[in-house]
Engineer: 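Quick one: structure below, then a few questions.
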Amino acid sequence: MSILNIGTRALQANQVALQTAGNNIANVNTPGYSRQTVTLQTVEGQFTGGGYIGKGVDVQTIQRNFSAFLTRQSTLASSVQAADVTRSDKLSQLEGIFPGGASGLGSAISEMMNAFSDVASAPTDLTARTVALTRVDETASRMRAASQSLDDLQQGVDQELRQKADAINTLARGIAEVNDEIARAQGTGQPPNDLLDRRDQLVRELNQYVQTTSIPADDGTVGIFLASSQALVLGTTVSPVSIVSDDFGDTLKNKLAITRNGLTVVLDENALGGGEVAGLLRFQNSDLVEGRNLLGRLTMAVSTAMNAQHQLGLDLDGNFGGNLFTPATFNGQNIRQPVPPATLNTGTGDLSLAITDVSKFAASDYEISFSSATSGSIPRRSDGLVVSFPQTPAPTSGALANVDGLDIFVSGTPNVGDRFLLKPFSTSASNIDSVFSTPRNLAVASPIAGSMGSTNQGSLKQVSISARTLPMSLATPVVFTFTGTNTYTRSDETPVANTTVFTYTPGQAIEAEFPNNYPTLPPTYNDPLTGWTFTLQGSPKPGDTFTVIDIKDPAYGVDYKLNSGNATAMMNLRDVAMFDGAALTDGYASLISQIGIRSQSAAYAAEVSSSIATNLEKDRTGVSGVNLDEEAAKLLQYQQAYQASAKMIQIAQSIFDTLMQGLNR
Amino acid sequence: MATSLSRLGTANTYDLAMRNLTARQTKLADLQENLTSGKRVVRPSDDPTGAAQAERSLTRLARIATDQRALEAQKNSIASAESTLGDITSALQRFRELTVSAGNGNNTPAERRTIAVELQGLREQVLTMANRKDNNGLPLFAALGSGQVPFAGPNSPPADYSFVGLPGQAAASENAIPGTLDGESAFMLQGRRDGAYNVTLSQIPTDRTLQTGPVTVVDPTLVNGSSYSITIDAVSTVAGTTTVTYSVAEGPPVAGPTQSGLTASFPSNLPPSFTITAMPGLSMTVNGLPVAGDSITVDTSPSIFSVMDDAIRDIGTAVNANAASQAVAQALGNLDIGMERVSAVRGQAGDLLNRADRITSTQESRSIQLEADRSRAEDLDMIKGIADFQNQQTGYSAALQSYAQVQKLSLFNFIS
C-alpha cells in the first residue's frame, strides 16, 4: 500500500515539476517573469521497529527565483538610463535649432556687419544701403525663427511631461491594486508568485518614468516613495502626481508635485534621481532655459549695440539715426513675483530693469531676495554666483544694484523675505524685427570730424575719429596743439585753456574726457566714456595742431553725406568683446559650442548609464531569467522521474496482483 | 538550486544581441552620414570645440573677403588719384614750357596774350582734375573730409582759391588704406613752408631793367603770411657806393606798420644788386638800378592755381620785356615749388598702392591658413572615413551572421 502511495505522491510531485518547467518555457519571453522552481521535500518517515521508513516526496512550494538586491539595482540603473537617454535625445533636438555654417544665425550676423563695408566705400550709393538693411532684416528673422523653434520644443516637452505624469498615476494605481491582492493572498501561506512578478514589473515600468524607492511593509504590500521621502503608494492608497509651475509662475519651467491628503508638495527635479520625467524636467529647467538665455543674450547684445551705434550717426538727410532693431524692453514676463502656493511677497516693491553695458551680459536668470527694504542678495542661476546689495560703490544711476551690465531699479517698498525672479533674456528674440527699410535713413556719417592744421610740419595721420555719446557740445571746435614730439595741450581745458601738458603716444586713443589719473600713464578714465574719441599716428613737430569739429559746422564746408565714419564704427563693433570675453562675431560660435558640450556630455552619460543598466539586467536575468536549455534539461530529468514513478506504480500493482493471485487459490 | 556563477536568461541574450546589432547599425549610419557630407563634425555635439573653431574660421574668412573688397575700392580710388596727379604734372610741365617761351624777349604783347590764353586753358584743366571724383562720387583729393567740390575758386584775394574741407591724411591700417589723398597738401601752398610769393613791379620803362629774384624764406618762424609793398624813395651815389632808400608797407591782409628810411648799399662799380631783408623772415634780391618812385609788390600765392593765375595775368598783361621776364621768372620759381608738392603727394599715393599690394598678399595667405584651420576642425579625412566605414560594415555583417548561427543552438533541437 505504501508503495502505491509513494508512487502516487511521486507522480504528482513530478507532474507539478513538469508543469512548472512547462510554465517557465511558456513564459520565457514574458517581461518581468521570474523563473519558478519546484521545491521538493521528503515526507517524514514512519517509525517502525526496523527504522524510519520514508514515505515519499512532497512539493513544499513553488519558489520564485529572484534576487531582491539585483532587482532593485537593475530597476535603479534602468531608471537612471531612462533619464539620461531622454535628456540626451532632447538635447540633440536643441542643438538642431542652432546650426552652424552659412544657414546659421552667426553667418547672418557676420554678413550683416560686413554689409556696412560696402556702405563705407560708397556712402551715397542707395543700393549698398539697401543691401545692409536687408541683411539687418534677415538677421532679425533668423533670430525670431530660432526663438520660435525653442517655443515649439518647449511646448512638446510640456505635453510629454503631462502625459508621463498621467502614466505615473495609472501605474501607481495599478501597483496599489496589486498590493491589495497580494495582501489578501498573504493569508494563504504560499507566496503569490505571479502577483509578485506583476508588481515588480509595474514598479519597473514606473521607474522608467520616475525613480522610486520601495519599502516592503509587514502585510506584504510595498510602499513606493518618490524623491526618497514622498509616498506615491502606501498600501492601497495612491497620492497622485501632477505637473505644476515653479514658485514664480514661470511659464518656461515645470515641476513635479505630489498631492497627499489634499496637501501638494512640490518636488525638486534634482531630488527625483532618474526616470524620463526627471530627465525632461532637467532638460526643460536648465538646458532649454540656458539655450533660450544664450539666444536672448546674443539678440539683445547685438541689437542694443547696433542701435546705440546707429543713433550716433547722421543719415542722408542730416538727422541722427533711430533704432535699427526693435529696442529691448522688459515687461512682466521678465520680472516675476511668487505666485500661490508659494509664499507671496508682502511688500509693495516692484522692480524694473535697464541696460548699462552690453559687454557684461551673462546668459542667466537671476533671483533677488530682500533681507530688508534696501539690502539683500542676487544669486545668479546659471552658476550660483551671489551679488549682494547695497554695492560699494553704489551704481551712479540710482539703481538698487548693477549686475552683469543690467541696472535693477526698485519702486515702492519691499519687505523682508520678498523675492523676485529676473529673466532679462527670455523674450528678446521672440519679437525682434528691423524698424525701417528706407535706405536714406541709414545713418552712416559720423557727426564729428577732425582736421589737421594746414601748417603742420610733422607726420601726423588720423587713424580714427568717432563719437561715443550724444550730445556732443562742439559749438566751439577743440584744438589740440602739439608742443613737442610727444606732448600736447588742449583748448577745451577749464579754467584756463592749454595749461596742462599731456603726453601723446602714437596709436593711443585720446578722449573727450580728461584722464583722471594724470600724469600717471597709461591714462585711466571714468567708466563709461562719453563724448568722442580719436587716435593719431606719426610724430608731430612743435606747433602742429589737430582740431575736432562738428561735421555740420559751416565754417569748414564739409559735406556730411560723403562721410562714412559711422559705418566704420559699426564694423568695429565686430571686435568688441561682448560674450564672456569673446568678440561679437564669435558669439554664435561660443553659443553652439556651449550647447554642443551639454549635448555631448549628455550623450556620454546616456551611453555609460545604458551599459551599466544592460549589465545589471544581465545579472538580474542571470538569476531570474528562464534559460531554455536548462528547462529542456529539467524536462528530461522530471520526465524520467515521472516514468520511474509510473513504473513504481506498475510494480506496486503487480505486487498486489501477485498477492491477489496467491490468495485466490 | 544553487546560484550559478555563469547563468544566462535566454530572453536576455536576445536582448543583448539586438542591442549590439542596433548599436552597430547606428554607428554605420553615422559613418555614412559623415561620408556623404564630407564632414567629421556633423552636429556640434560630435566635437564642440571643433564646431566652434570651424564657425569662427568661417566668420574670419567672410571678414577677409569683405576687407579685400573694400581694399579694391580704395585701391581704385588711390590709383585714380595717382594717375590724376600724373595728368596734373604733365599739364604743369606744359604750362612751364609755355611760360619759358613767353619769356623770349622778342615776343610782342599780342603774342604774349595768345600764350596766356593757352595757359588759361591749362589752368582750368588742372582745377577740374583737382576736383575729380571716383566711381562712387567721392572727391579723390578730399583729405579728411570735404564738400562736393574740394577746391573752390577763384575767389577774391587774398585767398584766391580755398580748400573746402579738412586738411590731413588718414592713416592706413593693417587691412585697409585710405581712399582719399590730402589735396590740401598737394595743391595749397603755405608761405612759411613753401615761400611761394609772386613779385610784380611797377611799370619800368624800356631803357632800364629791374628784376627781382625769388623770395626766399630765411626764418620760417617770423613769416606771417602777409603781402608787402616796397616803395623806392631815393637812390644816391656817394663815394663809389650807391645807396637805395626804400620803405616797406605790410598788408593786406594784415595792415602792418610801414617801415621807412630803410637803406641798402652796393658798390657802384659792380652790377647793381641789393637784398631787401625788411620783410620778417623773408629775403629778396633786387637786380638793376631803381629810381625813386619804383615800387615792388610781394604777394602771397596760396595755391598752385593762384600761381598759374598770377602767371597768366602777369604774362598776358606784360607791357614790355622787363615785365614779361619778371613774370616768367617768378612763375617758373613758384611752379617748381608747386610741382614739388604735387610729386610728394604722388609719391605718397605710390606708397599706399604698394601697401595695398602687401596687404592683399598677407590677406591671401591668412585666408589659406583659415581655410586649413576650418578644414582641420570640421572636415573628414576621406581615407580614414572610408576605412572606418569598411571596418564597421565588416563588423556589422559578422555580428549578423553570428547572431543567426548562435540562436539556432538549443537543447530542444536534440530532444526528439
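This structure is a prediction, so every number in the text was calculated from the model and none was measured. Proteins come first, then strands; the chains are lettered A, B, ... in the order of their sequence lines, and each starts at number 1. The figures that follow rest on heavy atoms only: side chains count, while hydrogens, waters and symmetry mates do not.
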Engineer: For a quick test of reading the model, state the closest non-hydrogen atom pair linking A:V119 to A:S564 and the distance between them.
Structural biologist: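 In terms of heavy atoms, the two residues are closest at O-CB, 4.4 Å.
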
Engineer: Name the option with the most non-hydrogen atom pairs under 4.5 Å to chain A; the candidates are B:A143, B:A152, B:G165.
Structural biologist: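 Highest number of heavy-atom pairs under 4.5 Å: B:G165.
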
Engineer: Heavy-atom pairs under 4.5 Å with chain A are the metric here; pick the option from B:A23, B:P44, B:S45, B:G168 that has the most.
Structural biologist: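 Ranked by heavy-atom pairs under 4.5 Å with chain A, first place is B:S45.
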
Engineer: Please walk me through it: do A:D586 and B:R60 pass salt bridge (charged side-chain N to carboxylate O under 4.0 Å, His left out)?
Structural biologist: CA-CA 9 Å; A:D586 290 340; B:R60 279 163 183 55; 3.1 Å; yes

Engineer: Where does A:L636 contact chain B at under 4.5 Å (heavy atoms): side chain, backbone, both or neither?
Structural biologist: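 Interface part for A:L636: side chain.
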
Engineer: Can we call the ring centroids of A:F546 and A:F534 under 6.0 Å apart?
Structural biologist: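 Yes, ring centres under 6.0 Å apart.
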
Engineer: For residues B:V41 and B:A377, report the shortest heavy-atom separation together with the two atoms involved.
Structural biologist: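 Scanning both residues, the minimum pair turns out to be CG2-O, 3.5 Å.
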
Engineer: Please state whether the side chain, the backbone, both or neither of A:L635 comes within less than 4.5 Å of a heavy atom of chain B.
Structural biologist: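 Looking at A:L635, just its side chain touches chain B.
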
Engineer: Does any backbone or side-chain atom of B:D46 lie under 4.5 Å from a heavy atom of chain A? Answer side chain, backbone, both or neither.
Structural biologist: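 Contact with chain A involves the backbone of B:D46 alone.
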
Engineer: Taking side chain as everything from C-beta outward and backbone as N, CA, C, O, which of these in A:D619 sits under 4.5 Å from a heavy atom of chain B? Side chain, backbone, both or neither.
Structural biologist: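 Interface part for A:D619: neither.
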
Engineer: Any donor-acceptor pair under 3.5 Å linking the side chain of B:S185 with the backbone of B:D182?
Structural biologist: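 Checking the backbone N and O of B:D182 against the side chain of B:S185, no donor-acceptor pair under 3.5 Å is found.
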
Engineer: Could you look at B:A142 and say if it's the side chain, the backbone, both or neither that has a heavy atom under 4.5 Å from chain A?
Structural biologist: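 It is neither, since no heavy atom gets under 4.5 Å.
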
Engineer: In terms of heavy-atom pairs under 4.5 Å with chain B, which of A:A449, A:S590, A:G450, A:S459 leads?
Structural biologist: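 It is A:G450.
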
Engineer: Highest number of heavy-atom pairs under 4.5 Å with chain B: which of A:A115, A:G453, A:G106, A:G596?
Structural biologist: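 Heavy-atom pairs under 4.5 Å are most numerous for A:G596.
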
Engineer: Measuring heavy-atom distances to chain B, does A:D629 have an atom under 4.5 Å in its side chain, in its backbone, in both, or in neither?
Structural biologist: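 The answer is both parts of A:D629.
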
Engineer: Using non-hydrogen atoms only, which part of B:A73 is less than 4.5 Å away from chain A: side chain, backbone, both, or neither?
Structural biologist: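 Contact with chain A involves the side chain of B:A73 alone.
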
Engineer: Where does A:A633 contact chain B at under 4.5 Å (heavy atoms): side chain, backbone, both or neither?
Structural biologist: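 It is both, since atoms from each part get that close.
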
Engineer: Run the numbers on B:F151 and B:V164 for side chain to side chain contact (heavy atoms under 4.5 Å, CB included), then give the verdict.
Structural biologist: CA-CA 6 Å; B:F151 295 96; B:V164 183; over 6 Å; no

Engineer: Using every non-hydrogen atom in the two residues, find where B:N136 and A:A122 come nearest and quote the distance to one decimal.
Structural biologist: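 Shortest heavy-atom separation between B:N136 and A:A122 comes out as CG-CB, 3.4 Å.
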
Engineer: What class does the angle between the rings of B:F187 and B:F141 fall in, given that below 30° is parallel, 30 to 60° is tilted and above 60° is perpendicular?
Structural biologist: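 If you compare the ring of B:F187 with that of B:F141, the planes turn out perpendicular.
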
Engineer: Counting heavy-atom pairs under 4.5 Å to chain B, which of A:N563, A:T585, A:V626 comes out on top?
Structural biologist: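 Ranked by heavy-atom pairs under 4.5 Å with chain B, first place is A:V626.
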
Engineer: If I measure from the heavy atoms of chain A, does B:S410 come under 4.5 Å with its side chain, its backbone, both, or neither?
Structural biologist: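 Backbone plus side chain of B:S410, per the 4.5 Å heavy-atom cut-off to chain A.
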
Engineer: Side chain, backbone, both or neither: which part of B:R63 has a non-hydrogen atom closer than 4.5 Å to chain A?
Structural biologist: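 Its backbone and side chain both get close to chain A.
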
Engineer: Need one label for B:D134: side chain, backbone, both or neither, based on atoms under 4.5 Å from any heavy atom in chain A.
Structural biologist: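 It is neither, since no heavy atom gets under 4.5 Å.
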
Engineer: Can you tell me which of B:T59, B:D47, B:T13 forms the most heavy-atom pairs within a distance under 4.5 Å of chain A?
Structural biologist: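 Heavy-atom pairs under 4.5 Å are most numerous for B:T59.
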
Engineer: As an exercise: rank A:E111, A:E617, A:R574 by heavy-atom pairs under 4.5 Å with chain B and give me the winner.
Structural biologist: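 Greatest number of close heavy-atom pairs with chain B: A:R574.
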
Engineer: Go through the steps to decide whether B:Y161 and B:N155 satisfy the test side chain to side chain contact (heavy atoms under 4.5 Å, CB included), and finish with yes or no.
Structural biologist: CA-CA 6 Å; B:Y161 290 85; B:N155 310 317; 5.7 Å; no

Engineer: Any side-chain to backbone donor/acceptor pair from A:N627 onto B:G9? Under 3.5 Å, distance only.
Structural biologist: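 Absent.
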
Engineer: Check whether any side-chain heavy atom of B:L380 sits under 4.5 Å from a side-chain heavy atom of B:S37, and report yes or no.
Structural biologist: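 A side-chain contact is absent here, since even the closest heavy-atom pair is not under 4.5 Å.
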
Engineer: Name the option with the most non-hydrogen atom pairs under 4.5 Å to chain B; the candidates are A:T39, A:V463, A:N29, A:I592.
Structural biologist: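 Result: the option with the highest number of such pairs is A:I592.
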
Engineer: Which one, B:Q148, B:Q74, B:R193, leads in non-hydrogen pairs under 4.5 Å with chain A?
Structural biologist: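 So the answer, after comparing B:Q148, B:Q74, B:R193, is B:Q148.
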
Engineer: Measure A:L94 against the heavy atoms of chain B and call it side chain, backbone, both or neither at under 4.5 Å.
Structural biologist: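 Answer is neither: A:L94 stays 4.5 Å or more from chain B.
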
Engineer: A:S67 versus chain B, heavy atoms under 4.5 Å apart: side chain, backbone, both or neither?
Structural biologist: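 A:S67 has no heavy atom closer than 4.5 Å to chain B.
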
Engineer: Could you look at B:E184 and say if it's the side chain, the backbone, both or neither that has a heavy atom under 4.5 Å from chain A?
Structural biologist: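 The answer is the side chain of B:E184.
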
Engineer: Side chain, backbone, both or neither: which part of A:I551 has a heavy atom under 4.5 Å from chain B?
Structural biologist: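 A:I551 has no heavy atom closer than 4.5 Å to chain B.
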
Engineer: Based on non-hydrogen pairs under 4.5 Å, which of A:S121, A:S107, A:S464, A:G543 is most in contact with chain B?
Structural biologist: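 So the answer, after comparing A:S121, A:S107, A:S464, A:G543, is A:S121.
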
Engineer: Do A:D544 side-chain atoms and A:Q457 backbone N/O form a donor-acceptor pair below 3.5 Å?
Structural biologist: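 The answer is yes, because a donor-acceptor pair under 3.5 Å joins these two groups.
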
Engineer: Report the C-alpha separation of B:D194 and B:R341 in whole Å, then their side-chain angles, then the decisive distance to 0.1 Å, and conclude whether the salt bridge (charged side-chain N to carboxylate O under 4.0 Å, His left out) test is met.
Structural biologist: CA-CA 9 Å; B:D194 308 307; B:R341 295 216 58 77; 3.5 Å; yes

Engineer: When you look at B:R7 and A:E630, which way does the salt bridge (charged side-chain N to carboxylate O under 4.0 Å, His left out) test go after all the steps?
Structural biologist: CA-CA 10 Å; B:R7 207 178 156 274; A:E630 192 183 48; 2.8 Å; yes

Engineer: By a 4.5 Å heavy-atom criterion (distance strictly below it), what part of A:T621 contacts chain B: side chain, backbone, both, or neither?
Structural biologist: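 Its backbone and side chain both get close to chain B.
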
Engineer: Under a 4.0 Å threshold between the charged nitrogen and the carboxylate oxygen, would A:K552 count as salt-bridged to A:D550?
Structural biologist: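 The answer is no: the pair does not qualify as a salt bridge.
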
Engineer: So, A:T614 and B:R19: side-chain donor and acceptor under 3.5 Å apart, yes or no?
Structural biologist: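 There is such a pair between these side chains.
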
Engineer: Side chain, backbone, both or neither: which part of B:L8 has an atom under 4.5 Å from a heavy atom of chain A?
Structural biologist: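 Backbone plus side chain of B:L8, per the 4.5 Å heavy-atom cut-off to chain A.
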
